[in-house]
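I have placed the structure first, in the form of structure tokens, so that the comments after it can refer back to it.
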Amino acid sequence: MLDLAFIREHPDLIKDVARRRKTAVDVDALLALDADLRETRRRAEFLRAEQNRLSRSIQQAGPDKEAREGFIAQGRAVAAELKELEPRERDLEARLREYLLLVPNIPDASVPEGAGEEDNVEIKRVGQPRQFDFEPLDHVALMQGQDWLDLERAAKVAGSRSYILKGDAVLLELALMQFALQRIAAKGFQPLDVPVLAREYCFFGNGQFPRGREQTYSLPEDEVYLVGTAEVSITGMHTGEILREQDLPIRYVGYSPCFRREAGTYGKDTRGILRVHQFYKVEQYVICRADHEESVRWHEDLLRNSEEIVEALELPYRVLNICTGDLGDAKVKGYDIECWIPSEGRYRETHSDSYFHDYQARRADLRYRDADGVVRYVHTLNNTALASTRTIIALLENHQQRDGTVRIPMALRPYLGGRETLGKPWRG
RNA sequence: GGAGAGAUGGCAGAGUGGUCGAUUGCAGCGGUCUUGAAAACCGCAGCCCGCAAGGGCCGGAGGUUCGAAUCCUCCUCUCUCCGCCA
């Protein structure tokens with residue numbers, strides 16, 4: 001959410017931003033509601049002041065019955081008008097907020113202009129895609145050859161985009177989570193295991209709602225929703241708080257399952273476990289002072305943390321600067337890390353590193369008191385440390401061996417009991 | 001799931017229809033005193049909208065009333081007991 005006063009003063013900038021981000025926002029309707037609300041509120045406040053004056057007069061009138069009755073009659077008239085005005089005031093507030101929630105954030109000047117993902121700009125490429133001296137398998141063939149994956153029964157249990165991991169694949173999944181969690185924790189991030197069933201306000205605060213509603217699983221009976229990332233719950237944790245500046249920055253590393261409906265993706269990435277409804281993720285989350293330079297520093301730091309993880313797993317990757325048309329509404333700027341997927345002969349997204357300035361903080365009403373005692377909205381950032389399924393794909397495909405086993409990268413071995421390979425030889 | 005109790009400022013804890021944004025204690029900030037610290041004493045202190053005047057905020061949302069922290073309804077959360085349960 002942006003500052004209403006800012007929108008009021010820069011309507012053309014907002015319209016331009018909305019156009020560049022391909023986001024529909026009716027700025028004129030928003031401003032009309034704002035004007036209407038301000039006028040309504042001005043009148044209501046005048047009446048409330050009148051009411052307070054009359055209330056005092058009634059007390060001061062004491063036993064003077066006549067004066068008393070006069071004031072009470074006046075009070076009745078004021079109350080009658082307020083009774084009409086107040087519902088209108090509330091209604092305008094609610095409608096204005098609905099519009100406000102749809103206004104996207106303002107991208108940083110360093111965000112490339114573009115219509116969609118094809119315009120994202122590669123800013124870095126690390127590692128060489130491996131040259132195989134045998135015919136490499138894709139993750140599905142590889143995993144099925146090892147009896148690590150059962151997609152048919154998963155579909156029977158839970159429908160499409162589900163999976164059942166088996167055997168070493170399960171151990172690998174847990175090892176990856178441990179590996180990422182411990183690595184980030186060692187940098188001073190506090191590990192967090194948060195609720196994955198969260199209330200609606202968390203999703204509004206984080207920026208998922210109202211626009212992303214159809215991507216979220218809901219449990220209407222209990223008025224909770226399944227989070228698509230721990231970020232939602234972490235934002236919800238601090239909603240409505242005023243933090244102390246000396247407690248900033250707050251650094252968390254959250255671990256959670258993630259649920260995504262993937263509505264509207266029929267026919268896209270249908271093979272294997274690249275695009276699934278449920279996976280696990282270790283997520284970095286930072287709350288810092290309201291300072292652009294500090295946000296930028298953290299954004300780069302979080303990227304570096306994730307790069308180190310990918311490098312330790314010996315995966316070739318590249319980093320993209322996400323363009324205006326592909327950037328989520330709430331973000332000021334975002335980097336994606338994409339890992340090399342041999343079977344596709346291309347890089348695929350495994351990480352997303354974002355900063356928001358005070359956009360999420362305004363929605364979530366998350367503030368801090370600075371050294372001068374001024375209350376400000378915090379800045380928030382987050383980045384994937386490691387997402388289970390996509391990392392499993394990249395790791396298995398990149399480190400597969402001729403005989404169908406998989407070499408475990410050195411850094412991961414401590415989390416797999418010191419083993420050097422996964423699986424049994426079954427081909428070659 | 002059933003029965004009951006409660007929710008007030010950073011914390012503790014008064015206040016049951018009329019200058020109550022709210023007594024008080026602790027913590028906090030500033031000052032006096034002190035070589036320094038502690039103690040003592042004095043003072044300042046919450047959040048939101050507004051340039052201001054002013055208005056709003058006592059878990060949240062409605063309602064009753066000229067007037068609500070106080071009365072009514074719904075919701076959320078916490079605690080106690082019973083049931084169920086990994």
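All chains are named by letter (A, B, ...) in the order of the sequence lines, taking the proteins before the strands, and each is independently numbered beginning at 1.
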Please verify the inter-ring angle class for A:Tyr252 with A:Tyr285; under 30° counts as parallel, over 60° as perpendicular, anything in between as tilted.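 Tilted, since the angle between the ring planes falls between 30° and 60°.
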Expressed as a whole number of Å, how far does the [atom1] atom of [N] sit from that of [M]?
N     : M     : atom1 : answer
B:C77 : B:A27 : C1'   : 26 Å
B:C74 : B:G21 : P     : 29 Å
B:U70 : B:G56 : P     : 15 Å
B:G46 : B:G10 : P     : 11 Å
B:U23 : B:A45 : P     : 13 Å
B:C44 : B:A7  : P     : 30 Å
B:A68 : B:C84 : C1'   : 42 Å
B:G6  : B:C57 : P     : 24 Å

Distance in angstrom units between [X] [atom1] and [N] [atom2], rounded:
X        : N     : atom1 : atom2 : value
A:Asp3   : B:C48 : CG    : P     : 13 Å
A:Arg369 : B:C48 : CZ    : P     : 8 Å
A:Glu50  : B:G56 : CD    : P     : 13 Å
A:Arg38  : B:C51 : CZ    : C1'   : 13 Å
A:Leu96  : B:C48 : CG    : P     : 19 Å
A:Leu100 : B:C49 : CG    : C1'   : 14 Å
A:Glu66  : B:C66 : CD    : P     : 19 Å
A:Phe71  : B:U19 : CZ    : P     : 17 Å

Among [options], the one nearest [X] by side-chain distance:
X        : options             : answer
A:Glu45  : B:G56, B:G67, B:G54 : B:G54
A:Ile58  : B:C66, B:C47, B:G56 : B:C66
A:Arg76  : B:C66, B:C49, B:C47 : B:C66
A:Arg367 : B:C66, B:G55, B:C47 : B:C47

Answer yes or no: does a side-chain N or O of [X] lie under 4.0 Å from OP1 or OP2 of [N]?
X       : N     : answer
A:Arg90 : B:G63 : yes
A:Asn52 : B:G56 : yes
A:Lys83 : B:G63 : no
A:Gln51 : B:C66 : no

Once you apply the 3.5 Å cut-off to both distances, tell me the Watson-Crick or G-U wobble partner of [N], or none.
N     : result
B:A53 : none
B:U73 : B:A61
B:G21 : none
B:A68 : none
B:A5  : B:U78
B:C44 : B:G28
B:C33 : none

5' priority, RNA chain B, between A:Val375 and A:Ala5 [closest heavy atom]: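 Comparing both residues, the 5'-ward one is A:Val375.
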Take A:Ala73 and A:Arg199, find for each the nucleotide of RNA chain B with the closest heavy atom, and name the residue whose nucleotide sits nearer the 5' end.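 Looking at RNA chain B, the more 5' nearest nucleotide goes with A:Ala73.
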Could you verify whether a donor N or O on one side chain and an acceptor N or O on the other, from A:Thr380 and A:Gln360, lie under 3.5 Å apart?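 Per modelled atom types, A:Thr380 and A:Gln360 side chains form a pair under 3.5 Å.
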Decide, yes or no, whether a salt bridge links A:Asp301 with A:Lys187 under the criterion of side-chain N to carboxylate O below 4.0 Å.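 A salt bridge is absent here (no side-chain N lies under 4.0 Å from a carboxylate O).
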Between A:Arg88 and A:Asp36, is there a side-chain N and carboxylate O pair less than 4.0 Å apart?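 Looking at A:Arg88 and A:Asp36, the cut-off is met.
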A:Phe204 ring centre to A:Arg363 NZ or CZ under 6.0 Å, with the angle to the axis within 45°?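 Here A:Arg363 fails the 6.0 Å and 45° test against A:Phe204.
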Does NZ or CZ of A:Arg43 lie under 6.0 Å from the centre of the six-membered ring of A:Phe46, at an angle within 45° of the ring axis?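 Judged by the rule (NZ or CZ under 6.0 Å from the ring centre, within 45° of its axis), A:Arg43 is not positioned above A:Phe46.
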So what does A:Arg48 hit on the nucleic acid, given a heavy-atom distance under 4.0 Å: a base, only sugar-phosphate, or nothing?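 Sugar-phosphate, no base atom in range.
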Nearest heavy-atom neighbours spanning A:Ser162 and A:Ala158: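 Nearest heavy atoms, A:Ser162 then A:Ala158: OG-CB, 3.4 Å.
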Quick one: which of A:Arg42, A:Arg38, A:Arg41 gives a salt bridge (Lys or Arg N to Asp or Glu O under 4.0 Å) with A:Glu89?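 Considering A:Arg42, A:Arg38, A:Arg41, a salt bridge (Lys or Arg N to Asp or Glu O under 4.0 Å) with A:Glu89 is found only for A:Arg41.
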